[in-house]
Amino acid sequence: MLSKLSRRRGLQLEAFGSVLICTVMLADRFLFTLQDGFVLTTAIISAVLLTIGIRVVKRHDEKNQN
């Protein structure tokens, strides 16, 4: 599945994962208190998106380098 994703899509996944966790953490801190389960779930989703994005970009960079 990861090999089918483009480098651009990988960068988008990285950005979305970063923005997601930052938004949730800032909302929890400054706007209103979120349930711990929700914050944990979004942190896990964010980590998965970041990991996939990093692997896709790394694979494409290594492929282009060779």
Side-chain angles (χ1 to χ4, degrees):
M1 178 189 155
L2 294 179
S3 62
K4 294 181 181 180
L5 295 174
S6 67
R7 185 177 191 280
R8 181 176 176 207
R9 184 64 64 190
L11 291 172
Q12 289 173 343
L13 287 171
E14 286 182 27
F16 182 72
S18 298
V19 169
L20 175 66
I21 194 61
C22 289
T23 302
V24 170
M25 296 302 286
L26 290 172
D28 183 53
R29 175 71 172 109
F30 294 111
L31 298 177
F32 46 85
T33 303
L34 300 172
Q35 293 181 355
D36 290 339
F38 179 75
V39 175
L40 179 62
T41 302
T42 56
I44 291 169
I45 292 169
S46 176
V48 169
L49 292 173
L50 283 166
T51 303
I52 291 170
I54 289 168
R55 287 183 181 195
V56 168
V57 171
K58 184 178 177 181
R59 177 173 286 139
H60 279 281
D61 286 348
E62 288 174 354
K63 185 178 176 182
N64 288 339
Q65 204 172 39
N66 292 334

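One is the number of the first residue; the rest follow in order along the sequence.
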key: Those residues that, when tested against Arg9, pass side-chain hydrogen bond (donor to acceptor under 3.5 Å, both in side chains) (two or more places apart)   = Gln12
request  = Work out which heavy atom in Met25 is nearest to a heavy atom in Val39; give both atom names and the distance.
outcome  = SD-CG1, 3.8 Å
ask   = In Å and rounded to the nearest 0.5 Å, what is the CG to CD1 distance from Leu11 to Ile54?
value = 10.5 Å
ask   = Is it the case that more than 12 heavy atoms not belonging to Asn64 sit under 6.0 Å from its CG atom?
value = yes
ask   = Between CD1 of Ile45 and CG of Leu50, what distance do you get to the nearest 0.5 Å?
value = 12.0 Å
task = Among Glu62, Arg55, His60, find the one that has a side chain to side chain contact (heavy atoms under 4.5 Å, CB included) with Lys58.
result = Glu62
ask   = Should Phe16 and Val24 be regarded as members of a common hydrophobic cluster, given that ILVMFWY residues are connected when their side-chain heavy atoms come within less than 4.5 Å of each other, either directly or indirectly?
value = yes
request  = Output all residues satisfying side chain to side chain contact (heavy atoms under 4.5 Å, CB included) with Val19, sequence neighbours left out; order by chain, then residue number.
outcome  = Thr23
task = Return yes if some donor-acceptor pair links the side-chain N/O of Ser46 with the main-chain N/O of Thr42 below 3.5 Å, else return no.
result = no
query = Leu13, Ile21: one ILVMFWY side-chain cluster at the under-4.5 Å cut-off?
reply = yes
